[in-house]
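Data first, discussion second: the structure below is written as structure tokens.
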Amino acid sequence: MTSQVRGAQLARLLGQWHALPGRRRSPDYAALAGAVRGLLADGRLPLGVRLPAERELAEALKISRTTVTAAYRELRETGHLASRRGAGSWTMLPGTHRVASTGLWTPLDDRDMIDLGVAALAAPPELLPAARAAAEDLPRYLGGAGYHPTGIIELREAVADAYTDRGLPTSPDQIMVTNGTQHALDLVLRLALAPGGNVLVEAPSYPNALAALAARRARITTHGLALEEPGWDADLLLGGLRQTRPKLAYLIPDFQNPTGHLMPAALRERVVATAHAVGTDLVVDESFVDLPLDGTVLPPPTASFDRHSRVVTIGGMSKPFWGGLRIGWVRASAPQVQRLAAARVGVDMASPVLDQLVAVHLLADAPAIVAARRAQLTAQRDALLTALAQRLPEWRVTVPHGGVTLWAELDGPISSALARAAEEVGVRLAPGPRFGLDGTLERFLRLPFTLPAADLVEAVGRIAAVRYDLDRGGRSQWREPAVIA
Ligand SMILES: Cc1ncc(COP(=O)(O)O)c(C=O)c1O
């Protein structure tokens, strides 16, 4: 079934399309086509939706139908629109692009593109030896059918031990191995949230978590994070829980994506107690918990304050080790794990045995691998911060003491426009609105420090160049933004 966007809806999404950078140089139809491409690039206009008929959009935008006709023609020519006479026009991406894990589009053939849309490291050198060792282990499993819905016991033991070492006693039957943390979240939501259920999330938050919630048609309320540490406002967060009594809250207390904030122990304790009092289940995403920087001491795990099985913790290998491994997990009560495993059988049965064995070998080597990752991330973060201070001193950032991203407050509501302009000079950015709802957060930009320092410095140079070009395109255009977070 194709969904459709109405003229008035698209007009609202397009906002001040006629005032986008470079506008003075291009005719109306080209500006309109460019704005639609921008919405597609930001993921704000989905792929495969039917655009309004030309007349309807012309009326909604109060422009001539000829302009819309010309814009649609250009979009067809650039491969962003498919049309069939009598049936309408659908959004698409050109054949040379793919949709990246972030939902952003990536030209396949552009090797010069510096991709700051994805916040993940390349694989560590230990990965290949771990894969070879895993292959050696495989014969131990070949005598069985290979389906282990909660995961192979060796990996569940290793993951459970890691929690116990962090001060959260955990047995292997409290662990279910998944195909990445995102899969863990999706499974937990299937089980814990009826379609249309009420959910509280941080704003900004991880875009693919928002996508998973959207798939459950969740009704989302947000808790806005401050740029400054600690980010969460205790009164507002606890008050929000008490007022909206959500079925579920999705939180990233350990080096939050994208802000990098770390929730203090006292607030963790109060959040768990309040959630229990109002009947809210907490899903705690610990994707970045292994990556404290600057000697930062971690507060106790959020689940360590839980006495009533209110907290389900999800985590995985992607950030400290490698995203391509696709290994994550859920930590919950043993009965909850059994229910998740039963739900999973209807989805994907089990995780690949070989990949789980690779994970076992990597976890056995975790202290050395993770120490090297932290050193690498610290150096890259510092290079990024220095480049930003030199080239874009008007931007405000908090220095993240862990994780892989920093969250910058820009000198205007320009994030999407900047991302579009940066794409032209070979830098892919994930603009602020991707981390929130309803097109807010235009003043913000997430910058990961997962690429080599030289790439980060080069990227900041290119971003700075196009940022000042936006000014030359007419700064007054941005004085009255359509939406500001
Ligand atoms: C907060 C958060 N949760 C989940 C994920 C997805 O992780 P995985 O690759 O393990 O599915 C990410 C990856 O960026 C993330 O940042």
Side-chain angles (χ1 to χ4, degrees), residues 43 99-104 115-124 127 151 155 159 162 175-190 199 201-215 223 225 231-232 248-263 282-292 301-302 312-331 344 347-348 351-352 355-356 358-359 362-363 370 373 377 400 402-407 428-430 434-436 446-451:
V99 176
S101 58
T102 53
L104 295 178
D115 192 347
L116 297 186
V118 175
L121 291 160
L127 196 111
L155 182 53
V159 173
I175 302 295
M176 179 169 101
V177 177
T178 60
N179 300 323
T181 315
Q182 182 70 22
H183 180 217
L185 175 61
D186 187 64
L187 281 174
V188 169
L189 293 182
R190 277 165 199 261
V199 178
V201 299
E202 293 137 344
S205 186
Y206 174 54
N208 296 341
L210 299 178
L213 288 166
H223 169 65
L225 298 181
W232 295 267
L248 193 142
Y250 168 77
L251 301 173
I252 316 171
D254 301 278
F255 311 118
Q256 204 261 356
N257 185 0
T259 60
H261 290 320
L262 181 63
M263 188 185 281
L282 290 179
V283 180
V284 170
D285 187 332
E286 290 191 338
S287 285
F288 301 95
V289 75
D290 294 314
L291 298 174
T302 309
V312 172
T313 306
I314 60 176
M317 307 285 289
S318 295
K319 303 301 161 172
F321 298 94
W322 192 43
L325 203 52
R326 307 309 308 136
I327 293 288
W329 50 77
V330 180
R331 179 199 181 275
R344 172 201 204 148
V347 180
D348 69 339
S351 293
D355 305 37
Q356 294 184 69
V358 179
L362 288 172
L363 287 178
V370 172
R373 300 302 241 185
L377 285 167
V404 305
T405 60
L406 62 80
W407 185 237
R428 178 168 342 286
L429 297 174
R434 299 229 1 119
F435 299 84
R446 183 187 77 171
L447 292 167
F449 35 94
T450 42
L451 291 179

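In each ligand, atom 1 is the first atom listed, and ligand 1 is the first ligand listed.
- In this structure, the separation between CG on N208 and CG on L185 is 9.5 Å, given to the nearest 0.5 Å.
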**OP:** Give the intermediate values and the outcome of side-chain hydrogen bond (donor to acceptor under 3.5 Å, both in side chains) for residues Q256 and W232.
**Re:** CA-CA 10 Å; Q256 204 261 356; W232 295 267; over 6 Å; no
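- Scanning for side chain to side chain donor-acceptor pair (under 3.5 Å) contacts around R373 gives an empty result, with sequence neighbours left out.
- The closest side-chain donor-acceptor pair between D285 and Y206, if any, does not fall under 3.5 angstrom.
- The side-chain heavy atoms of I252 and E202, taken from C-beta on, include a pair separated by under 4.5 Å.
- The structure places CZ of R344 at 11.5 Å from CG of D186, a figure rounded to the nearest 0.5 Å.
- Within 4.0 Å of ligand 1, the residues that place a heavy atom are G180, T181, Q182, Y206, Y250, I252, N257, D285, S287, F288, S318, K319, R326, listed by chain and number.
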